[in-house]
Amino acid sequence: MFDVIIAGGGPTGVMLATELRLHGVGVLVLERDAEPTKVVRALGLHARSIEVMDQRGLLERFLELGTKYPVGGFFAGIPKPSPEKLDTAHGYTLGIHQPVIDRLLTEHALELGAEIRRGCEVTGLSQDDDGVTVELAGGTRERARFLVGCDGGRSTVRKLLGVGFPGEPSRNDMLLGEVEVGVSREEIDTANVEVRKTQKRFGFMPVEGGTYRVGVPAAEVAEDRRTPPTLDELKEQLRKTAGTDFGIHSPRWLSRFGDATRQAERYRVGRVLLAGDAAHVHPPVGGQGLNLGVQDAFNLGWKLAAEVDGWAPEGLLDSYETERHPVAEEVLNNTRAQMELMLLEPGPQAARRLLAELMDFDDVNRYLTEKIIAVNIRYDFGEGPALLGRRLRDVELKQGRLYGLLHAGRGLLLDQTSRLSAKGWEDRVDHVVDVSEELDVPAVLLRPDGHVVWAGEDETELPGVLRKWFGTPTA
């Protein structure tokens, strides 16, 4: 019997597996596809996901294979420069394709001891007071204390649970592919500029090997997006949109996707939870989908590990839904707004021009950009200092960088008073004194995901906060 079974071996699932393995939780990842996908749906990591990788000591692996780009121009594709004073030490976007992200996270999960099985499709589940039984295609069964559905927008786990997935169906489908072209780079660059003056969902982007990633609006909404478009279909849509098919040929892969916007009514039913696209889907504008799923896993991992290990305080596991559901709801709202601003009718275009003018104010540009890169998130922990509920940016400490102290996925008490104590919680919380001139509060207590749960210096308050987030102290 496993501690946790994860249905879905994409970035959300394997990120969750790495977080659980940090705490010694026995993990089985079940992935339906026999081989890793070549389809490139996500193109990179935003600042908060970059911070997540840094907090776990993984960032160098990603930097070696990615490319840094300036932050800016994310919101509805309105071209603006990077805002000033972003609240992050990683003020860039890391261009790195999803198959590479998948591979790096999978390698790390295996290094930590997770078991990953491909070609294993979940077809049924049942749960009782002690665990969850998972049925697989072919008739075999596996048992675990918990099951997490990270199996995408068409999640089998969510459907088996009977959890509603309300929202709006796709109104606009896109065709996507990686192809070779029969025209010059200059012709491609000209088309990108001219066509995108009116059609923001068109574009060619060069990738390795002399090929291009191409996207273009589809003729209609497909009944089944699992069936990829044909090369002729892609050519036809390019001719309708740009007046030429650019001589595309020799596709490496072709795909289609829609702009449906939906969110699961619940993220937890008993011992079964949902994360990533299984919990929410939205239009791809702003490149937030993969990042949102990875951050779901980062929030859930340490809490589920605490539940498995037996020290989780009451309500800790339920706080995953309490915290992450509003975050996804906000992403759904901002992608709805962005899609409206990309429509070609006079009204949306007028609103787009007005917003573009407002974004010339740096405060507006920064506000919208921080929504996309997710460094503005503040979980509701009640009244308190401005830091409460926010993740703490990486700061220089006398012992090194802050994020370097979070690699093990433990809590962290940064104490500049040298008067505080985490005695009784040493197995869950590290205590660092004489910290940093960059930290402008006497002390902060961080969760394993880097969010601040307490800031101050009152010695009488701290034990209650430790108990709330890290359970009963060890005798």
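Applying the ring pair (Phe, Tyr, Trp, His ring centres under 6.0 Å) test to His90 and every residue at least two apart in sequence or in another chain returns Tyr92. Remark: Thr88 pairs with Glu51 by the side-chain hydrogen bond (donor to acceptor under 3.5 Å, both in side chains) rule, at least two apart or across chains. With sequence neighbours excluded, the residues that form a ring pair (Phe, Tyr, Trp, His ring centres under 6.0 Å) with Tyr379 are His451. Partners of Asn376 according to the side-chain contact (heavy atoms from CB on, under 4.5 Å) rule, which considers only residues two or more places apart in sequence or in another chain, are Glu370, Lys371. Qualifying side-chain contact (heavy atoms from CB on, under 4.5 Å) partners for Gln237, counting only residues two or more places apart in sequence or in other chains: Leu175, Val216, Ala219, Lys240. Applying the side-chain contact (heavy atoms from CB on, under 4.5 Å) rule to Ala222 yields the partners Asp173, Arg225, Arg256; only residues at least two apart in sequence or on another chain are considered. The ring pair (Phe, Tyr, Trp, His ring centres under 6.0 Å) check on Phe146 picks up nothing, with sequence neighbours excluded. Under the salt bridge (charged side-chain N to carboxylate O under 4.0 Å, His left out) criterion, Arg103 pairs with Glu107, sequence neighbours left out. Checked against ring pair (Phe, Tyr, Trp, His ring centres under 6.0 Å), Phe257 has no partners two or more places apart in sequence or in another chain. Residues forming a salt bridge (charged side-chain N to carboxylate O under 4.0 Å, His left out) with Lys159 (at least two apart in sequence, or on another chain): none. Remark: Lys235 engages Leu231, Asp232, Arg239, Asp245, Ile248 in a side-chain contact (heavy atoms from CB on, under 4.5 Å) (not counting sequence neighbours).
With contacts defined as side-chain heavy-atom distances shorter than 4.5 Å, the pair Met53/Leu105 qualifies. Counting only heavy atoms from C-beta outward, the side chains of Leu16 and Val14 never approach each other to under 4.5 Å. Side-chain contact between Gln263 and Pro166: absent, with no pair of heavy atoms (C-beta onward) separated by less than 4.5 Å. Met15 is not listed as a side-chain neighbour of His108, based on a closest heavy-atom distance of 4.5 Å or more. Looking at heavy atoms from C-beta onward, Arg401 lies in side-chain contact with Glu396 at the 4.5 angstrom threshold. Considering only heavy atoms from C-beta on, Leu125 stays 4.5 Å or farther from Glu135 through its side chain. Taking the side chain as every heavy atom from C-beta outward, Leu290 and Pro11 approach each other to under 4.5 Å. The shortest distance between side-chain heavy atoms of Leu59 and Tyr403 does not fall below 4.5 Å.
A donor-acceptor pair under 3.5 Å is absent between the side-chain atoms of Glu307 and the main chain of Leu317, judged by distance alone. One N or O on the side chain of Ser82 and one on the backbone of Val71 form a donor-acceptor pair closer than 3.5 Å. No donor-acceptor distance shorter than 3.5 angstrom exists from the side chain of Ser49 to the backbone of Leu45, with no hydrogens or angles considered. A donor-acceptor pair under 3.5 Å is absent between the side-chain atoms of Asp3 and the main chain of Arg145, judged by distance alone. In this structure, the side chain of Arg268 engages the main chain of Gly270 through a donor-acceptor pair within 3.5 Å. Between the side chain of Gln349 and the main chain of Leu343, a donor-acceptor pair closer than 3.5 Å is present. With hydrogens and angles ignored, the 3.5 Å screen pairs no side-chain donor or acceptor of Trp302 with any backbone N or O of Pro448. Between the Asp296 side chain and the Gly276 main chain, a donor and an acceptor come within less than 3.5 Å of each other. In this structure a side-chain-to-backbone donor-acceptor pair under 3.5 Å is present from Ser319 to Leu316.
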Side-chain donor-acceptor pairs of residues 24-37 under 3.5 Å, sequence neighbours excluded:
| unit_1 | atom_1 | unit_2 | atom_2 | d |
| --- | --- | --- | --- | --- |
| Glu31 | OE1 | Gly9 | N | 2.7 |
| Glu31 | OE2 | Asp33 | N | 2.9 |
| Thr37 | OG1 | Val39 | N | 3.0 |

I would like to know whether Asp360 and Lys80 meet salt bridge (charged side-chain N to carboxylate O under 4.0 Å, His left out); could you show each step before the answer? CA-CA 8 Å; Asp360 287 333; Lys80 295 294 176 182; 2.5 Å; yes

Begin from the C-alpha positions of Arg324 and Glu321 and carry the test salt bridge (charged side-chain N to carboxylate O under 4.0 Å, His left out) through to its verdict. CA-CA 5 Å; Arg324 294 304 296 175; Glu321 177 177 336; over 6 Å; no

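In the displayed structure, Glu84 atom CD is contacted under 6.0 Å by at most 12 heavy atoms of other residues, nucleotides or ligands. In the displayed structure, Arg118 atom CZ is contacted under 6.0 Å by more than 12 heavy atoms of other residues, nucleotides or ligands. By the 6.0 Å contact criterion, CD on Glu220 is open, its count of non-hydrogen atoms from other residues, nucleotides or ligands being 12 or less.
In this structure, CG on Leu63 lies 5.5 Å from NZ on Lys68, to the nearest 0.5 angstrom. Expressed to the nearest 0.5 Å, how far CD1 of Ile373 lies from CG of Asn291 amounts to 10.5 Å.
A cation-pi contact links Arg158 to Phe165, judged by a cut-off of 6.0 Å to the six-membered ring centre and 45° from its axis.
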